Engineer: 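Below is a structure I'd like to ask you about.
Remember, it's 1-based here, ligands and their atoms both numbered in the order they're listed. Every value quoted in this text rests on a predicted model; they were computed, and no experiment measured them.
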Amino acid sequence: MSKVVLITGATSGFGEATAEKFAVSGYKVIITGRRRERLDAFKAKFPTCDILPICFDVRDKKAVFDAIASLPEAYKNIDILVNNAGLALGLGHANEVDIEDWETMVDTNIKGLLYVTRAVLPIMVERKSGYIFNLGSIAGNWPYEGGNVYGATKAFVKQFSLNLRTDLRGTNVRVTNIEPGFSETEFSDVRFKGDKTKAKKVYEGTKALDKEDIADTIFTLAHLPPHVNVNRIEIMPTMQSCGGLFVERR
Ligand code: NDP
Ligand code: 8X3
């Protein structure tokens with residue numbers, strides 16, 4: 001029987017590429033996101049694949065739990081969860097940014113990921129089998145200007161992933177925190193609230209990660225033998241590196 005994969009934020013970027021990779025490889029794929037037309041278009045693009053689109057906002061606790069509880073029989077035994085839905089809003093300094101943007105990042109990247117995880121975990125623990133991929137970021141490991149709350153949400157995701165591993169001892173459920181560097185998805189369009197010029201500039205004159213690089217990483221890890229758990233994996237474009245420490249001088 002084909003394995004079931006649930007991917008949050010499958011309407012774009014890493015989530016969409018991961019959904020495609022698993023779907024064309026014969027998995028049953030549950031794709032989720034807020035943009036119903038994108039979910040429907042994805043299903044229509046792969047008519048011979050097993051795809052179940054479900055539209056919900058990960059910030060809506062009731063919608064998340066209801067969606068998981070009412071999965072059709074053929075999709076209810078989730079084998080792989082890819083907690084991918086997330087966003088950054090703004091790149092301003094902490095003293096001047098919009099507090100609502102901070103709240104949206106916390107509600108989506110932290111609370112949304114928690115709702116989905118909590119709703120899916122009992123299914124995996126009961127069957128003593130499963131794999132959870134969380135989309136962290138290099139921003140959860142390394143500080144950068146304007147990364148304030150976005151990076152902090154991803155540091156939360158990293159620590160939550162590691163803590164899950166200890167709670168899941170003896171269940172065979174694996175957890176990996178995927179920590180990518182920058183990639184030209186819709187991420188910067190969202191961060192700069194539709195300002196395409198600003199978004200394009202982020203990737204100008206360099207080679208960022210392709211969304212398929214992350215999809216391939218997740219797919220490869222999912223096919224390691226069941227006794228192997230990669231706790232964290234940090235992946236940067238070759239042309240991105242850390243800046244080192246800054247010293248202010250008088
Ligand atoms: P995209 O903007 O291309 O995709 C984000 C996805 O998240 C969309 O499918 C969007 O779907 C979904 N999403 C956002 N908010 C919600 C919500 N409230 N409810 C449900 N779904 C939501 O970005 P990426 O593919 O780049 O980002 C995917 C993940 O990877 C994020 O967690 C991001 O932080 C992380 N990441 C991205 C990096 C990058 O440089 N691109 C690097 C490191 C990590 P919809 O709008 O339809 O709801
Ligand atoms: C996204 C990567 O470097 O743009 O998580 O913050 S970065």
Engineer: What do you reckon, does Gln240 put a non-hydrogen atom under 4.0 Å from ligand 2?
Structural biologist: yes
Engineer: For Phe133 and Tyr131, take the angle between the two ring planes, folded into 0 to 90°, and tell me which bin it lands in: parallel under 30, tilted 30 to 60, perpendicular over 60.
Structural biologist: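 Phe133 and Tyr131: parallel rings.
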Engineer: So for ligand 1, is Val190 a polar contact partner (N or O within less than 3.5 Å, distance only)?
Structural biologist: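 Not met; the criterion fails.
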Engineer: Of the protein's non-hydrogen atoms, which lies at the shortest distance from atom 2 (C) of ligand 2, and what is that distance?
Structural biologist: Ser137 OG, 3.7 Å
Engineer: Tell me: protein heavy atom nearest atom 5 (C) of ligand 1, and distance?
Structural biologist: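 Result for atom 5 (C) of ligand 1: Gly86 O, 3.8 Å.
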Engineer: When you measure from atom 31 (C) of ligand 1 to every protein heavy atom, which one gives the shortest distance, and what is it?
Structural biologist: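 That would be Asn84 O, 3.2 Å.
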Engineer: Using a 4.0 Å heavy-atom threshold (strictly under), name the region of Lys154 that reaches ligand 1: side chain, backbone, both or neither.
Structural biologist: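 The side chain, only.
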Engineer: Looking at Ala23, is its backbone amide N or carbonyl O close enough to the side chain of Asp50 to form a donor-acceptor pair, meaning the two atoms are under 3.5 Å apart?
Structural biologist: no
Engineer: What residue and heavy atom of the protein are closest to atom 4 (O) of ligand 2, and at what distance?
Structural biologist: Phe187 CE2, 3.8 Å
Engineer: Geometry only, no angles: is Pro180 polar-contacting ligand 1 at N/O separations under 3.5 Å?
Structural biologist: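 By distance alone, the answer is no.
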Engineer: Heavy-atom count around Arg35 CZ within 6.0 Å, excluding the residue itself: above 12?
Structural biologist: yes
Engineer: Run the numbers for me: atoms of ligand 1, each under 4.0 Å from some heavy atom of Phe182, listed by number.
Structural biologist: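 Answer, ordered by atom number: 40 (O).
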Engineer: What's the shortest distance from atom 9 (O) of ligand 1 to any protein heavy atom, and which residue and atom give it?
Structural biologist: Thr11 OG1, 2.7 Å
Engineer: Output the distance between atom OG1 (Thr104) and atom CG (Leu87), rounded to the nearest 0.5 Å.
Structural biologist: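 The distance works out to 7.0 Å.
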Engineer: Between Phe56 and ligand 1, which part of the residue brings a heavy atom under 4.0 Å of the ligand: side chain, backbone, both or neither?
Structural biologist: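 The answer is the backbone of Phe56.
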Engineer: Does at least one non-hydrogen atom of Arg59 fall below 4.0 angstrom from an atom of ligand 1?
Structural biologist: yes
Engineer: Taking only non-hydrogen atoms of Thr8, do any sit less than 4.0 angstrom from ligand 1?
Structural biologist: no
Engineer: Which atoms of ligand 2 sit under 4.0 Å from any heavy atom of Ala139?
Structural biologist: 6 (O)
Engineer: Taking Tyr203 for the side chain and Ser183 for the main chain, is one N or O donor matched with an acceptor at less than 3.5 Å?
Structural biologist: yes
Engineer: Taking the inter-plane angle between the rings of Phe22 and His223 on a 0 to 90° scale, is it parallel (under 30°), tilted (30 to 60°) or perpendicular (over 60°)?
Structural biologist: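 Ring orientation, 0 to 90° scale: parallel.
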Engineer: Among all protein heavy atoms, pick the one closest to atom 6 (O) of ligand 2 and tell me residue, atom and distance.
Structural biologist: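 Looking at atom 6 (O) of ligand 2, the protein heavy atom closest to it is Tyr144 OH, 2.5 Å.
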Engineer: Answer yes or no: is there a side-chain heavy-atom contact under 4.5 Å between Arg174 and Leu224?
Structural biologist: yes
Engineer: Given Ala208, Gly9, Gly15, Gly140, identify the one with the heavy atom nearest to atom 12 (C) of ligand 1.
Structural biologist: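 Nearest heavy atom to atom 12 (C) of ligand 1 lies in Gly9.
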Engineer: Please classify the Ala10 to ligand 1 contact at 4.0 Å (heavy-atom distances, strictly less than): side chain, backbone, both or neither.
Structural biologist: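 It is the backbone that touches ligand 1; the side chain stays farther off.
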Engineer: Give me the one residue out of Lys201, Lys200, Lys211 that meets salt bridge (Lys or Arg N to Asp or Glu O under 4.0 Å) with Glu184.
Structural biologist: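 That would be Lys200.
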Engineer: Would you check the N or O atoms of Arg34, main chain and side chain alike, for any that come under 3.5 Å of an N or O of ligand 1?
Structural biologist: yes
Engineer: Just to check, does Gly136 reach to within less than 4.0 Å of ligand 1 when the distance is taken from its heavy atoms?
Structural biologist: yes
Engineer: Is it true that atom CZ of Arg127 has more than 12 heavy atoms of other residues, nucleotides or ligands lying nearer than 6.0 Å?
Structural biologist: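 Yes, the 6.0 Å shell around CZ holds more than 12 heavy atoms from other groups.
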Engineer: Heavy atom of Gly112 under 4.0 Å from ligand 1?
Structural biologist: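 Gly112 does not count as a contact of ligand 1 under the 4.0 Å cut-off.
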Engineer: Please say whether Ser183 places an N or O atom under 3.5 Å from an N or O atom belonging to ligand 1.
Structural biologist: yes
Engineer: Just wondering, more than 12 heavy atoms not from Glu145 lying within 6.0 Å of its CD?
Structural biologist: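 Count not over threshold, so no.
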Engineer: Among all protein heavy atoms, pick out the one at the shortest distance from atom 1 (P) of ligand 1; state its residue, atom name and that distance to 0.1 Å.
Structural biologist: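 Heavy-atom neighbour on the protein nearest atom 1 (P) of ligand 1: Ser12 OG, 3.5 Å.
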Engineer: Heavy-atom contacts with Tyr150 under 4.0 Å: which atoms of ligand 2 show up? List them by number with element.
Structural biologist: 1 (C), 5 (O), 6 (O)
Engineer: Applying a heavy-atom cut-off of 4.0 Å, say which part of Thr108 lies close to ligand 1: side chain, backbone, both or neither.
Structural biologist: side chain
Engineer: Consider ligand 1: state whether an atom of it lies below 4.0 angstrom from any non-hydrogen atom of Ser188.
Structural biologist: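 The answer is no: ligand 1 sits nowhere under 4.0 Å from a heavy atom of Ser188.
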Engineer: For ligand 2, which part of Val202 has a heavy atom less than 4.0 Å away: the side chain, the backbone, both, or neither?
Structural biologist: neither
Engineer: Would you say NZ of Lys207 has more than 12 non-hydrogen atoms from neighbouring residues, nucleotides or ligands within 6.0 angstrom?
Structural biologist: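 Above 12, so yes.
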